[in-house]
Structures are given as C-alpha cells and as structure tokens.
Q: 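Here you go, one structure.
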Amino acid sequence: MRKIKKIIIHCTATPCGQHITVADIDRWHRARGWSGIGYHYVIYTDGSVHPGRPIWKTGAHCAGHNRDSIGIVYAGGLATDGTTPADTRTPAQRESLHILVEQLLTQFPGATVHGHNEFAVKACPCFDVRAEFA
C-alpha cells in the first residue's frame, strides 16, 4: 500500500447543479492521455460517494503530490454562469465530504487535508479547506 500523507480536495469546475459522473471524468481524463480517472473518490450533487481510481494506485489529480495523496473531487465549483468560482456544494455533498475525510483520516493516521489551490494557482476547490477542516 502507498504511504498516504495528504488528502487533496478538488472540484470538477463545472456549473452549479450540473450532473457529473465518474464516467464523465474518466472520459475527460482519458482525452488528456491519462490511463483513466485521476481522482480516487467523486461526490455527486446528491451527496453519494463513488469510487474512481483505486486508492492503492497513484492518482493523477495534483502535480507533484500524487504519489502520497488521495484525491477527492465534488461535482461543481462554478456559479451558474459557468465561469465564476463558487462553493456550490450541496448540503449533502458537504456532509458526505466530511464523513469521507474522517474515514480516510482514520485509515491513514497523520495524513493532512488540503485544497488543490494550496498546490496550484487555481480556485479549486472553491472553498477554504484549511478553515473547514482545521
């Protein structure tokens, strides 16, 4: 098993309310030449959590940090205009994200929780991860 030091949270950078699936993200990532979906977990707008890349496999979600991290993405991150970054998480997504992060922190003691924007010049995941998971 890989040594997990970080849990990195992302958004799909899609408009609020747009239904995005694991298959959609897998298709986007394959179009970039990757071997498949780069995130380990995907949280749909209804709060359901779906597996992406198996956690034992190195992700493809945060350059320079994939080897020792798990990537979680929630569907959304843009306002309805499709361009303005926004915390579009539904209450169900928020709850599921917290439950999933708690489970992963139990499974990988000592891991830290981060937003993608801590490692890249991006708004993603469009909320303050440090404040929310302090």
Side-chain angles (χ1 to χ4, degrees):
M1 182 57 149
R2 299 182 302 126
K3 171 73 173 158
I4 302 302
K5 296 180 182 176
K6 297 182 280 290
I7 297 164
I8 303 175
I9 301 172
H10 304 262
C11 65
T12 57
T14 53
C16 175
Q18 183 177 346
H19 181 67
I20 299 298
T21 66
V22 169
D24 293 328
I25 299 168
D26 184 66
R27 189 173 54 255
W28 300 339
H29 288 184
R30 287 181 188 278
R32 289 182 164 191
W34 300 348
S35 64
I37 188 169
Y39 306 111
H40 297 96
Y41 295 97
V42 180
I43 303 176
Y44 289 8
T45 55
D46 67 1
S48 58
V49 177
H50 300 265
R53 188 174 289 213
I55 61 171
W56 55 267
K57 288 181 88 173
T58 298
H61 58 89
C62 188
H65 300 276
N66 291 313
R67 209 169 116 209
D68 64 354
S69 69
I70 290 179
I72 301 171
V73 67
Y74 75 90
L78 296 179
T80 54
D81 66 10
T83 58
T84 306
D87 182 357
T88 62
R89 292 174 297 158
T90 64
Q93 281 177 307
R94 285 179 201 268
E95 181 179 359
S96 294
L97 178 60
H98 278 268
I99 291 168
L100 178 57
V101 167
E102 284 178 31
Q103 290 170 344
L104 291 170
L105 289 173
T106 298
Q107 187 175 354
F108 302 104
T112 53
V113 183
H114 304 271
H116 186 203
N117 55 8
E118 293 177 48
F119 306 108
V121 183
K122 297 178 177 234
C124 174
C126 302
F127 70 95
D128 188 344
V129 171
R130 286 187 195 190
E132 191 162 319
F133 290 92

Q: Can you tell if the side chain of Lys122 reaches within under 4.5 Å of the side chain of Pro85, non-hydrogen atoms only?
A: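 Answer no - side chains too far apart.
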Q: Strictly distance-based, threshold 3.5 Å: is any side-chain N or O of Asp68 a donor or acceptor partner for the main-chain N or O of Arg2?
A: no
Q: First locate atom CD1 of Ile25, then atom OG1 of Thr14, and finally report the distance between them rounded to the nearest 0.5 Å.
A: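 Between atom CD1 of Ile25 and atom OG1 of Thr14 there are 8.0 Å.
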Q: Within this structure, what is the CG-CD distance for the pair Leu100 and Glu95, rounded to the nearest 0.5 Å?
A: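 One finds 12.5 Å between CG of Leu100 and CD of Glu95.
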Q: Check the hydrophobic clustering (I, L, V, M, F, W, Y; side-chain heavy atoms under 4.5 Å; chains of links allowed) and say if Ile55 and Tyr39 are grouped together.
A: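 No, no single cluster joins them.
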Q: Compare all side-chain heavy atoms of Glu118 with those of Arg130 and state whether any distance is below 4.5 angstrom.
A: yes
Q: Check whether Ile4 and Ile9 end up in the same hydrophobic cluster, where Ile, Leu, Val, Met, Phe, Trp and Tyr are linked by side-chain heavy atoms less than 4.5 Å apart.
A: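 Yes, same cluster.
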Q: Considering non-hydrogen atoms only, spot the tightest contact between Tyr44 and Val22 and give its length.
A: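 Heavy atoms of Tyr44 and Val22 come nearest at OH-N, 3.1 Å.
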Q: Tell me, with the steps shown, if Val73 and His116 meet side-chain contact (heavy atoms from CB on, under 4.5 Å).
A: CA-CA 10 Å; Val73 67; His116 186 203; over 6 Å; no
Q: Quick one: does Ser96's side chain have a donor or acceptor within less than 3.5 Å of a partner on Gly47's backbone?
A: yes
Q: Indicate if Val101 and Val49 have the same hydrophobic cluster label, given that clusters are the connected sets of ILVMFWY residues with side-chain heavy-atom separations under 4.5 angstrom.
A: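 Val101 clusters together with Val49.
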Q: Pairing donors with acceptors under 3.5 angstrom, does anything connect the side chains of His50 and Thr21?
A: no
Q: For the hydrophobic clusters of this structure (ILVMFWY residues joined by side-chain heavy atoms under 4.5 Å, transitively), does one cluster hold both Phe119 and Val113?
A: no
Q: Does the side chain of Leu105 reach to within under 4.5 Å of the side chain of Glu102, using non-hydrogen atoms?
A: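 No, side chains not in contact.
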Q: How long is the gap from CG on Asp87 to SG on Cys11, to the nearest 0.5 Å?
A: 9.0 Å
Q: How long is the span from the CZ atom in Arg89 to the CD1 atom in Ile43, to the nearest 0.5 Å?
A: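 Arg89 CZ to Ile43 CD1: 9.0 Å, rounded to 0.5 Å.
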Q: Kindly give the heavy-atom pair with the smallest separation between His19 and Asp24, and that separation in Å.
A: O-OD2, 4.0 Å
Q: Test Thr112 against Lys5 for side-chain contact (heavy atoms from CB on, under 4.5 Å), laying out the working first.
A: CA-CA 6 Å; Thr112 53; Lys5 296 180 182 176; 5.9 Å; no
Q: Measure the spacing between OH of Tyr74 and OG1 of Thr88 and express it to the nearest 0.5 Å.
A: 4.5 Å
Q: Report the distance from atom SG of Cys62 to atom CZ of Arg67, rounding to the nearest 0.5 Å.
A: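 The CZ atom of Arg67 is 14.5 Å from SG of Cys62, to the nearest 0.5 Å.
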Q: Distance-only, no hydrogens or angles: does the Tyr41 side chain make a donor-acceptor pair with backbone N or O of Leu97 under 3.5 Å?
A: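 Judged by distance alone, no pair lies under 3.5 Å.
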Q: Closest approach of Pro15 and Gly82, non-hydrogen atoms and distance?
A: CG-CA, 3.9 Å
Q: I'd like to know if the side chain of Ser69 reaches the main chain of Ile7, judged simply by a donor and an acceptor atom lying under 3.5 Å from each other, with no hydrogens or angles considered.
A: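 Not confirmed, Ser69 side chain does not pair with Ile7 backbone.
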Q: Following the transitive rule for hydrophobic clusters with a side-chain heavy-atom cut-off under 4.5 Å over Ile, Leu, Val, Met, Phe, Trp and Tyr, establish whether Ile20 and Ile72 coincide in one cluster.
A: no
Q: Under 6.0 Å between ring centres, would you say that holds for His114 and Phe133?
A: no
Q: Taking all atoms of both residues into account, what is the closest heavy-atom pair of Ala86 and Cys126, and its distance?
A: O-CB, 3.4 Å
Q: Quick one: closest heavy-atom pair of Lys6 and Ala111, and the distance?
A: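 For Lys6 versus Ala111, the nearest heavy atoms are N-CB, 4.3 Å.
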